[in-house]
Amino acid sequence: MEKSYQPRDIEQHLYEEWEAAGWFAPRGDGEPYCIMIPPPNVTGSLHMGHAFQDTLMDALVRYQRMRGRRTLWQVGTDHAGIATQMVVERQLEREQTSRAELGREAFVERVWRWKEESGGQITNQLRRMGASVDWSRERFTMDEGFSRAVREVFVRLFDEGLIYRGKRLVNWDPVLRTALSDLEVENVEEQGHLWHFRYPLADGRRTADGRDHLVVATTRPETMLGDTAVAVHPEDARYAELVGAFVELPLVGRRIPVIADDYVDPEFGTGCVKITPAHDFNDHAMGQRHGLELINVLEADARLNEAVPEPYRGLDRYEARRRVVADLDAAGLLERVDDHRLMVPRGDRSGAVVEPWLTDQWFVAMEGLAREAIRAVEDGAVRFVPKQYENLYFAWMREIQDWCISRQLWWGHRIPAWYDETGGIYVGHDEAEVRAKYGLAPELPLAQDPDVLETWFSSALWTFGTLGWPEDTEALRSFHPTDVLVTGHDIIFFWVARMIMMTLKFTGEVPFRTVYIHGLVRDAEGQKMSKSKGNGLDPLDLVEGIDLEALVAKRTTGLMQPQLAARIEKATRRDFPEGIPAFGTDALRFTFCALASTGRDVRFDLNRIAGYRNFCNKLWNAANFVRMNTGSAGDADLAGETTPTLADRWIRSRFQGLVRDVHFAYETFRFDVMAQRLYDFVWHEYCDWYLELTKPVLREGTEGERRAARRTLLEVLEAILRIAHPVIPFLTEAVWREIAPLLGRSGPTIMLEPFPETDESALDPDAEAELDWVRGIIEGVRNIRGEMDLPTGRPIPALLAGCDATDRERLERNRTFLMQLARLEHIEVLAEETEAPPAAIQLVGAMRVLVPMAGLIDRDAELARLDKELERRRQDVARLEKKLANESFVAKAPAEVVEKERAKHDEAVDALAKLVAQRETIASL
RNA sequence: GGGUGUUUAGCUCAGUCGGGAGAGCGUCGGCCUUACAAGCCGAAGGUCGCAGGUUCGACCCCUGCAACACCCACCA
């Protein structure tokens with residue numbers, strides 16, 4: 001083994017070996033356990049969020065695999081319709097061509113080629129993270145089998161009337177020129193204006209106060225060309241007489257009615273609202289209530305169409321806005337313009353302002369599906385961790401709208417619907433089936449719907465589609481429902497809810513029993529990591545390291561907004577002046593686990609990963625020590641008689657506590673607690689104490705004691721490796737292969753060894769109590785040594801005063817430990833009748849630990865130290881006295897609590913008295 | 001407008017059953033101590049966001065408020 005920990009030397013080749021050996025596939029006849037990976041975009045790359053969730057899934061999967069479950073971690077990628085199509089379209093743009101120029105077939109062909117080229121990147125990154133997914137079962141959402149499942153679902157939903165086609169007002173992205181679902185629209189607050197226009201009253205009417213016009217306020221002037229009414233509140237006295245009257249729509253000249261509708265807020269603006277039923281969701285609803293005409297004034301690219309007066313035709317919507325405002329102003333109809341903050345709907349991929357637009361689209365009727373899915377969570381068939389996400393889920397599901405699933409894209413699952421020339425709709429797996437199903441003549445011309453399904457429609461089938469549905473496969477029977485879904489809260493609606501609905505509908509089962517929701521990974525300032533902000537980190541850069549220049553280049557190339565490059569570069573040079581060192585996969589994984597506390601986002605801080613890299617190094621070096629003391633260098637006979645020391649009994653007992661806590665942490669998805677316990681046990685118990693206690697035994701112990709120490713060193717280390725393996729698989733595997741043979745374990749890999757289970761018989765409260773006693777003395781002496789600046793190398797004498805029989809026995813049993821770890825010259829019990837020499841003092845329970853001052857300790861320094869301690873004890877006593885003097889405390893608190901406080905009080909009083917006496921002694925010197 | 005989460009040491013975060021708060025990093029002091037200087041030993045550092053309430057007792061339970069973050073929503 002190398003002297004220092006070098007992750008790059010071990011990680012890569014171990015993974016290749018695991019994969020080649022087929023150890024990731026389900027094996028054995030244990031109870032099945034299954035996790036489905038949230039399929040990443042096939043043409044994307046691994047970001048911190050992926051690395052985070054993949055780490056958590058891998059820990060769960062490795063844990064269950066080691067516990068003997070027949071474990072499947074299903075892997076695959078998503079075709080990610082819009083995202084992927086956008087990437088390829090941008091490539092075409094650079095080549096001075098376009099998808100229109102290529103044509104549909106060639107374009108789709110081109111996307112497939114790009115998928116083949118780039119699709120390996122994310123799976124390779126997944127390998128580098130150590131993910132123990134079953135590659136032999138890798139799936140893609142557009143592979144033949146999965147596509148069949150998608151068509152099957154569509155056809156069945158259509159045949160049941162749960163999928164329908166209709167002309168509806170939908171969210172339209174005029175840049176991508178496709179419909180979007182409500183979820184794909186982000187409403188962002190932006191600064192805009194509120195324009196006040198005068199609409200002249202028709203037929204010579206006047207308002208009550210004598211004006212000849214109404215004033216409407218709008219944030220969308222250009223849509224006025226499609227107005228078909230002006231609305232007021234029915235109880236608004238100002239306008240009551242005008243309801244039923246008409247205004248003349250400026251610029252257009254159309255007579256439009258004044259209507260009353262209680263949607264109108266009389267407090268806002270003037271209390272008059274222009275109504276454009278074809279271009280606003282609220283106006284559309286009102287139009288339906290009042291039978292208003294729908295006048296569509298926009299083309300697919302948001303330019304104005306033939307329905308508007310000639311001067312505006314063909315103008316972009318913003319150009320039209322300027323013209324409309326200018327023309328109204330020129331006509332004296334612009335009353336005023338206010339600044340106004342408003343929510344602007346933008347497409348989540350393109351960033352374009354989305355238009356409500358009337359088009360023919362396909363929808364899924366959600367109400368019934370949602371009802372079942374709500375019940376599944378209410379009944380606990382699906383459980384969210386943390387639980388509060390269930391409320392979020394319920395809130396959305398109870399207000400659910402029908403789902404627009406058609407997209408005007410070319411990359412995706414083509415909608416399995418055909419039309420005849422009269423608009424008749426036929427749905428089936430393919431054209432032949434459609435003709436047979438509907439009894440259509442072979443010569444009847446049919447054309448397939450040009451649109452594709454939204455990506456989330458297919459993702460919703462992920463848990464059962466990947467296992468072979470609609471066939472009744474062995475995999476489906478074994479692994480469905482899956483056990484846990486690990487995902488971020490940002491896709492609860494997009495994906496989790498839809499999976500629950502679709503899976504219940506088609507399998508009658510829930511897709512998973514537990515949904516573990518993790519936080520989002522943010523940068524050290526708490527900002528969301530994103531390419532456009534240039535604050536993202538590539539997990540592999542943390543694993544392998546990257547120098548500053550390369551990092552700057554990576555963050556500033558290919559930006560959507562190149563003008564940000566300078567700022568990003570500056571921030572990068574500030575945050576990573578030395579670049580990023582190579583921390584290794586294990587350290588990164590450990591960090592993710594340690595940061596994964598429940599219900600909050602995680603700030604990724606380089607200091608944390610550096611600390612956990614140090615932890616890996618610590619474990620590596622501990623293993624080094626164990627090997628040096630147990631390998632062929634010494635006598636390796638571990639089989640003979642052993643005489644365990646206190647240290648051996650203690651560490652085995654403590655290890656049981658670790659095992660118990662780690663199991664509990666996995667059960668409750670507290671990866672942070674698990675990491676904390678591993679860190680604490682390995683570093684502060686095994687290394688700081690057990691290894692140190694072992695040194696004198698190995699040097700001076702009897703043969704039986706030495707053998708016991710070697711065996712315990714090895715056995716506990718080996719068990720540590722197994723318990724830590726799900727988190728830090730590489731380091732543990734590398735070390736385990738060196739260590740295990742010494743214990744006669746011959747398995748080929750740690751990943752198939754059993755996970756440590758609790759063993760009550762190893763619990764040893766006596767040993768734990770006695771070692772606490774030993775520690776108390778050692779720490780007492782160390783405190784004196786540290787406070788008095790006595791060099792570690794200089795042995796000092798110690799005396800124990802106020803000892804009872806147990807203390808004396810313990811001293812004799814543990815003299816070697818005390819001498820060694822406290823670096824003592826000698827240690828003796830001070831006889832009852834003997835007067836103590838001037839000494840620095842530490843209290844250990846009722847006992848006093850004394851370090852004689854002669855020649856070592858300065859009187860004033862010791863007085864200062866004593867005063868500090870005295871002050872602390874005085875506060876203790878005061879607090880406890882006050883508490884016990886409180887009659888209602890004594891009367892009402894549980895007896896054992898009162899008793900405990902009394903004992904604490906007595907001890908504190910006793911300690912204080914001893915310190916006071918000691919202070920007098922020292923002061924009189 | 002509605003909802004959720006967060007607020008604990010200089011920083012990043014734990015804190016289970018209500019019984020006077022912990023870790024890592026950083027800081028300060030001492031150590032090259034035969035596994036590890038990516039280390040060892042010791043120390044300092046807290047008005048648990050604010051105000052009330054319940055309770056013998058509150059970081060913890062209740063109410064209100066504030067700040068920050070996020071989600072949802074039709075105020076033109």
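Letters go in sequence order (proteins before strands), and every chain restarts at 1.
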Determine the contact category for [X]: base if any of its heavy atoms lies under 4.0 Å from a base atom, sugar-phosphate if only primed atoms, P, OP1 or OP2 are that close, otherwise nothing.
X	result
A:D601	nothing
A:R608	base
A:R879	base

Using the P atom on both, measure B:rC61 against B:rC17 and round to a whole Å.
10 Å
In terms of relative ring orientation, are [X] and [Y] parallel, tilted or perpendicular, with 30° and 60° separating the classes?
X	Y	answer
A:Y679	A:F615	parallel
A:F197	A:Y199	parallel
A:Y393	A:F384	tilted

Starting at the 5' end of RNA chain B and moving along, which residue's nearest nucleotide shows up first, A:N391 or A:G786?
A:N391
If each of A:D280 and A:K883 is mapped to the nucleotide of RNA chain B with the nearest heavy atom, which maps nearer the 5' terminus, i.e. the 5' end?
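Its nearest nucleotide lies further toward 5', so the answer is A:K883.
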State, with a plain yes or no, whether a side-chain heavy atom of A:E335 is found less than 4.5 Å away from one of A:W195.
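Counting from C-beta outward, A:E335 and A:W195 never come under 4.5 Å.
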Residues in side-chain contact (heavy atoms from CB on, under 4.5 Å) with A:F493, at least two apart?
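In terms of side-chain contact (heavy atoms from CB on, under 4.5 Å), with neighbours along the sequence ignored, A:F493 is linked to A:L183, A:L392, A:W396.
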Quick one: side-chain contact (heavy atoms from CB on, under 4.5 Å) partners of A:R238, sequence neighbours excluded?
A:D236, A:P266
Can you give the first and last nucleotides of RNA chain B, 5' to 3', that have an atom under 4.0 Å from a heavy atom of chain A?
B:rG5 to B:rA76
Going by number, which of residues 265-275 of chain A have a non-hydrogen atom under 4.0 Å from RNA chain B?
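Heavy-atom cutoff 4.0 Å gives A:D265, A:F268, A:G271, A:V273.
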Distance alone, cut at 3.5 Å: any donor-acceptor contact between the side chains of A:Q820 and A:R699?
yes
If you round to the nearest 0.5 Å, how far is CG of A:D789 from CG of A:L856?
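Reported value, rounded in 0.5 Å steps: 12.5 Å.
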Nucleotide-level pairing of RNA chain B, given in dot-bracket where Watson-Crick and G-U pairs need both distances under 3.5 Å and | marks other strands:
(((((((..((((.....[..)))).(((((.......))))).....(((((..]....))))))))))))....
Under 3.5 Å, sequence neighbours excluded: what are the donor-acceptor pairs made by side chains of residues 581-589 of chain A?
| residue | atom | partner | partner atom | Å |
| --- | --- | --- | --- | --- |
| A:T585 | OG1 | A:E11 | OE1 | 3.0 |
| A:T585 | OG1 | A:R128 | O | 3.0 |
| A:T585 | OG1 | A:R128 | NH1 | 3.3 |
| A:D586 | OD1 | A:F730 | N | 3.2 |
| A:D586 | OD2 | A:F730 | N | 3.4 |
| A:D586 | OD2 | A:L731 | N | 2.6 |
| A:R589 | NE | A:V727 | O | 2.9 |
| A:R589 | NH1 | A:D58 | OD2 | 2.8 |
| A:R589 | NH1 | A:M129 | O | 2.8 |
| A:R589 | NH2 | A:D58 | OD2 | 2.8 |
| A:R589 | NH2 | A:P726 | O | 2.8 |

Take atom CZ of A:F664 as the centre, draw a 6.0 Å sphere, and report whether it contains more than 12 heavy atoms from other residues, nucleotides or ligands.
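12 or below, so no.
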